[in-house]
Amino acid sequence: MALEQQLTNNETSQLHNQNQGNEILVEAKNIKKYFPIKGGILKHTVGHVKAVDDVSLSIKQGETLGLVGESGSGKSTLGRVILRLLEPTEGEIIFDKEDISHLSNRKLRNYRKNMQIVFQDPFASLNSKMSVGELIEEPLLVQSSATKPERKQKCIDLLEKVGLRASDRTKYPHEFSGGQRQRISIARALALNPKFIICDEPVSALDVSIQAQVLNLMADLQDEFNLTYLFIAHDLSVVKHISDRVAVMYLGRIAEIAPKKPLYDNPLHPYTKALLSSVPSTDVKHRREKIHLTGDLPSPADPPSGCAFRTRCIHAHEKCALERPELTDMGDGHYVACHLYDQGR
Amino acid sequence: MQSNTESTLPTEPENLPETNAKKHKSPLQLAFQRFIKNKLAVISVFVLLLIIITCTAAPLFTDQDPVATDLFQIEKSPTDEHILGTNGQGQDNFARLLYGGRISLIVGFSAMFFTLAIGVLLGSIAGYYGGKVDSVIMRAADIMLMLPFLVLVLTIMAIIGEVTIGLFVTIIAITSWPNLTRIIRATYLSLREQEFVLGARAIGASDLRIILKHFIPNAIGPIIVNATLMMATYIIVESGLSFIGFGIPQPTPTWGNMISEAQNIRILRDHPEAWIPPGVAILVTVLAINFIGDGLRDAFDPKSNRR
């Protein structure tokens, strides 16, 4: 709740973001990522974990797309596939009008300047043997021809941008708290002036008060550098404040994708409804009826036939088991993959 | 840019004024600090240094030639001229002790560096790339480990015949790389899953850079500790092989060669001054190296239990 209040003063800056730029920067088309399961004496493939199963989405220049889903829904995998840190099993990734899904690692290096990632765990994502200066300057060293004093200056600028001190440059990661480390990660991601940053649950490892600080920082930086974010989180309230549009993932598929307001005010997919009902609210009048999901997330190695959510859905009927629902446009950019909304077609 | 957030939020401790401008220590410096707190390890460092210096500066301590034979001075008891007496060829035992230490230490050090080079190279390739390369290297390591070390070394030496120091070191290195390779590979496998490695790939760092800047510095603890302990083993291996006559051939003095001369029961009984000093030298050197290795292990891994 404290988080919500602290975040409201950033709402205004978010709004003007929404209006700028309609160019699509990142597009993922029918992405599939299957991890083989090896078994038997000869270590042959006995099955596949379908971490991402036919997902398409596009992100416009300057916008923030929130990506929510519970653990194991494939959201982090999707993010890594988009950055080509993992090879997609199938599908196309288009970045800045260029198909990067088949580029060799060598050619990909040029694109890495424009797309960066901030990881979830600030304790694992920074090499503890490198000083803050080395960490932030490493992208410059790898990608640009900047001289040593130039790199140092850039590093100091970045440290100040993310709310740290120039003197922190000589420190080591173990001397910082989680929130500060996440700021270092952000500075490192910003070093190459990227266009697109994937934020892979950047605040879920942090304390609530520090979450708000980091989120505000990210929103400020987005304004300043005209960044495009893919913001991955498992927490709907975090995503609500930073996103322009939100996609909900379930078992490697997108259940619903919509601009923020319609998604939060009028969720269509039963899964989104259940997720939203679990967000605690201080507003007594608007308190939603709680929908309790029973059972666990089915195994992505053996997903249910038809609609992946049908095993936990209270509205499931025969068709759900037979046919996989496609994402359907319900108007105003609100897409939902659910057979409940088939009548209109 | 931060102003609107700071007014509404409790400040993080990062905004506290820095009280003193102390030097920030890297993890390696912190490990060194922990190491010098370990008394036994520090004493061992000094003992080892003393041995190294004494052996290196051998001509300062004795005028005798370690290989010159004097047939009039065979198996003599200590005199002013020959502090530790002479051996069966009339060579001065004290000179042989000092010059032999040189060879034993050189063998230990160079075999360690050789093994380290092979181990780091193969371990890095196997651990970083994985897949088929990894399988090939690890199967080769398994085959190497399967062969009994002593039999293998004896066979190679028997085929080669004339053994020089360089050859001896090479043989030790190519027969004992699998252990270190396995350790390095295992360390890499756990590092490979860490996010900072993915982060390095995300900025477009080359494989070589990731290995040199991200893997090796994070695996340096196990590498140094095992290399140190390996060196102690190699000194013993050298002595052992020399004792059974398959080491560095006479007349080159080594500690192992000196002890092997004591296979003669007469020397064993009547001339303890000929074989006790090299034995003690081996014992002290190996013990010191092992203590240093243990100290390094504790220093690099503060979580390990101290007794």
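Order of the sequence lines fixes the chain letters, A, B, ..., with proteins taken first and strands second; residue numbering starts at 1 for each chain. Keep in mind that what you see is a predicted model, and the values were worked out from it rather than measured.
Neither the backbone nor the side chain of A:Ser131 comes within contact range of chain B; no heavy atom of the residue lies under 4.5 Å from a heavy atom of that chain. For B:Arg201, the parts lying near chain A are the backbone and the side chain together; criterion is any non-hydrogen pair under 4.5 Å. In this structure, chain B has a heavy atom under 4.5 Å from the side chain of A:Arg188, while its backbone stays farther away. With a 4.5 Å cut-off on non-hydrogen atoms, B:Leu30 touches chain A through its side chain but not through its backbone.
Closest heavy-atom contact between A:Ile117 and B:Ala202: CG2-CB, 3.6 Å. For the pair B:Pro27 and A:Tyr172, the tightest heavy-atom approach, listed with the atom from each and the gap, is CD-CD2, 3.5 Å.
Applying a 4.5 Å heavy-atom cutoff, none of the residues of residues 132-153 of chain B approach chain A. Residues from residues 195-204 of chain A never place a non-hydrogen atom less than 4.5 Å from a non-hydrogen atom of chain B. Proximity to chain A among residues 210-219 of chain B is limited to B:Lys213, B:His214, B:Pro217, B:Asn218, judged by heavy-atom separations below 4.5 angstrom.
Residues A:Leu126 and B:Phe196 form no side-chain contact, since every pair of their non-hydrogen atoms from C-beta on lies 4.5 Å or further apart. At a threshold of 4.5 Å between non-hydrogen side-chain atoms, the residues A:Asn127 and B:Gln194 do not count as touching.
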Just list the side-chain donor-acceptor pairs under 3.5 Å for residues 226-233 of chain B, sequence neighbours left out, or say none.
| from | atom 1 | to | atom 2 | distance (Å) |
| --- | --- | --- | --- | --- |
| B:Asn226 | ND2 | B:Pro222 | O | 2.7 |
| B:Thr228 | OG1 | B:Ile224 | O | 2.6 |
| B:Thr233 | OG1 | B:Leu229 | O | 3.0 |

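Put simply, CG on A:Leu140 and CD1 on B:Ile203 are 9.0 Å apart, with the number rounded to the nearest 0.5 Å.
Taking the charged nitrogens against the carboxylate oxygens, A:Arg80 and B:Glu195 do have a contact shorter than 4.0 Å, which makes a salt bridge.
Looking only at heavy-atom pairs under 4.5 Å with chain B, the residue among A:Gln116, A:Glu138, A:Glu134, A:Lys113 that has the most is A:Glu138. Ranked by non-hydrogen atom pairs under 4.5 Å with chain B, the options A:Gln120, A:Arg109, A:Arg84, A:Met115 are led by A:Arg109.
Within a 6.0 Å sphere centred on CZ of A:Phe123, heavy atoms belonging to other residues, nucleotides or ligands number more than 12.
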